[in-house]
Amino acid sequence: MELLTSEDFNNTRIQPEWTAMDYLLEVVRVDQEKMQEQTFMNEKKNGRLKRKRRIQEENSKNKRPITSYPPKPLMPEGLKQHIVENMGGSNCVLVIQKQLFFSDVNPQASRLLIPFSQVESREFLNESEVERLKNKEAIQACLVEPSMEETEINFKWWDMRKNSMYVITTYWNSIVKNNRLKVEDIVQLWSFRVDSTLCFALQKL
């Protein structure tokens with residue numbers, strides 16, 4: 001609360017007949033008016049602050065978060081050169097990049113699981129190949145190992161109740177052993193075509 005000053009009484013007209021009580025009443029009146037004016041100004045100021053805060057909150061809600069997308073993986077130049085120049089391959093497509101789990105390197109299982117939910121693109125298969133897989137027919141394909149050795153594998157489609165997945169079998173244990181693949185390794189599986197024939201390449205990151 002601010003004290004009264006002489007400026008607060010600029011609009012006061014003192015009458016000659018005023019008594020001490022009249023002066024006291026005038027002081028009370030001026031004091032109340034000043035308090036009301038201060039209260040009004042404070043409420044107005046608080047209202048502006050609340051309105052500004054509300055606008056800022058609404059803007060922050062409506063503001064779209066900036067999404068940072070990781071760069072699209074590129075096929076290593078050495079592998080790409082081997083596929084294109086040595087094998088005559090083309091149409092390289094990243095099928096999946098995944099971390100290996102125990103089930104992927106377990107010698108008793110001898111297969112690499114490729115869950116549909118993690119597949120980068122399903123366009124690496126043509127309609128004929130999709131139909132063959134749906135009919136539970138395995139597709140024999142060449143796989144280029146991280147060591148650049150070429151191995152024949154079987155590519156299958158397992159239709160599970162909750163999760164369907166592609167699977168690489170046949171000689172998978174040898175691929176794991178030859179390339180020292182282990183749990184938590186990150187690998188990329190690429191597809192490519194050699195004279196329209198489906199092939200794969202495995203890259204260890």
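We use all heavy atoms of the structure for the numbers below, so side chains are in, but hydrogens, waters and symmetry mates are not.
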Please assess Thr169 against Phe155 for the test side chain to side chain contact (heavy atoms under 4.5 Å, CB included), listing each intermediate value before the final yes or no. CA-CA 7 Å; Thr169 61; Phe155 189 76; over 6 Å; no
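- Side-chain atoms of Thr151 and Glu145 form a donor-acceptor pair, as typed in the model, at a separation below 3.5 Å.
- Put simply, Ile153 and Ile139 are part of the same group of oily side chains (I, L, V, M, F, W, Y) that touch within less than 4.5 Å, one to the next.
- Around atom NZ of Lys177, no more than 12 heavy atoms belonging to other residues, nucleotides or ligands sit under 6.0 Å away.
- In this structure, the separation between CD on Gln188 and CD1 on Ile96 is 10.5 Å, given to the nearest 0.5 Å.
- Atom CZ of residue Arg132 and atom CG of residue Asn126 lie 9.0 Å apart, to the nearest 0.5 angstrom.
- Of all non-hydrogen atoms in Val167 and Leu113, the two that sit nearest each other are CG2-CD2, 4.1 Å.
- With contacts defined as side-chain heavy-atom distances shorter than 4.5 Å, the pair Ile175/Leu112 does not qualify.
- The two residues Ser103 and Ala109 come nearest to each other via the heavy atoms O-CB, 3.9 Å.
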Which is it for Tyr166 and Arg122 under the side chain to side chain contact (heavy atoms under 4.5 Å, CB included) test, yes or no, and what are the steps along the way? CA-CA 11 Å; Tyr166 299 118; Arg122 301 184 190 179; 4.3 Å; yes
After noting the C-alpha distance and the side-chain angles of Leu202 and Trp190, does the key distance pass the side chain to side chain contact (heavy atoms under 4.5 Å, CB included) rule? CA-CA 6 Å; Leu202 187 70; Trp190 295 82; over 6 Å; no
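- For Gln140, the CD atom sits in a loose shell: 12 or fewer heavy atoms of surrounding residues, nucleotides or ligands are nearer than 6.0 Å.
- Hydrophobic clustering (side-chain heavy atoms under 4.5 Å, transitive across Ile, Leu, Val, Met, Phe, Trp, Tyr) keeps Ile114 apart from Phe101.
- Looking at Met75 and Val84, their side chains never come closer than 4.5 Å, going by heavy atoms from C-beta outward.
- Here Met165 contributes atom CE and Asp159 contributes atom CG; the two are 10.0 Å apart, rounded to the nearest 0.5 Å.
- Taking all atoms of both residues into account, the shortest heavy-atom contact from Met148 to Val144 is CA-CG1, 4.0 Å.
- Under a hydrophobic clustering in which Ile, Leu, Val, Met, Phe, Trp and Tyr are joined whenever their side-chain heavy atoms come within less than 4.5 Å, directly or via other members, Leu79 and Val93 fall into different clusters.
- The closest side-chain heavy-atom distance from Leu143 to Glu150 is not below 4.5 Å.
- Formation of a donor-acceptor pair under 3.5 Å by the Asn154 side chain with backbone atoms of Ala138 is not found in this model.
- One finds the OG atom of Ser191 at 7.5 Å from the CG atom of Leu125 (value rounded to the nearest 0.5 Å).
- Atoms CE and SG, from Met87 and Cys199 in turn, are 5.0 Å apart once rounded to the nearest 0.5 Å.
- The environment of Glu123 atom CD is sparse: at most 12 non-hydrogen atoms of other residues, nucleotides or ligands sit within 6.0 angstrom.
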Between Leu100 and Val183, is a side chain to side chain contact (heavy atoms under 4.5 Å, CB included) present by the stated rule, with each step listed? CA-CA 5 Å; Leu100 296 180; Val183 175; 5.9 Å; no
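- Under the 4.5 Å side-chain heavy-atom criterion for Ile, Leu, Val, Met, Phe, Trp and Tyr, Leu94 and Ile186 are members of distinct hydrophobic clusters.
- Atom CG of Asn135 has more than 12 heavy atoms from other residues, nucleotides or ligands within 6.0 Å.
- There is a path of hydrophobic side-chain contacts, each under 4.5 Å, that joins Trp172 to Phe102.
- For the residue pair Ser196 and Arg193, the shortest heavy atom distance occurs at O-NH1, 3.1 Å.
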Intermediate values then yes/no, ring pair (Phe, Tyr, Trp, His ring centres under 6.0 Å), Phe116 and Trp158: CA-CA 10 Å; Phe116 278 12; Trp158 285 2; over 10 Å; no
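- Arg111 places no side-chain N or O within 3.5 Å of a backbone atom of Asn173 that could act as its donor or acceptor partner.
- Of all heavy-atom pairs spanning Gly89 and Phe192, the tightest one is CA-CD1, 4.2 Å.
- With hydrogens and angles disregarded, no donor-acceptor distance shorter than 3.5 Å links the side chain of Asp195 to the backbone of Thr197.
- Taken to the nearest 0.5 Å, the CG atom of Leu198 stands 7.0 Å off from the CZ atom of Phe124.
- At a threshold of 4.5 Å between non-hydrogen side-chain atoms, the residues Leu189 and Gln97 do not count as touching.
- The pair Asp104-Lys98 meets the salt-bridge criterion, with a side-chain N (NZ, NE, NH1 or NH2) lying under 4.0 Å from an Asp/Glu carboxylate O.
- If you run side chain to side chain contact (heavy atoms under 4.5 Å, CB included) between Pro76 and each of Gln81, Gln203, His82, only Gln203 comes through.
- Between the side chain of Asn178 and the main chain of Ser174, a donor-acceptor pair closer than 3.5 Å is present.
- Between the side chain of Asp185 and the backbone N or O of Leu181 there is no donor-acceptor pair closer than 3.5 Å.
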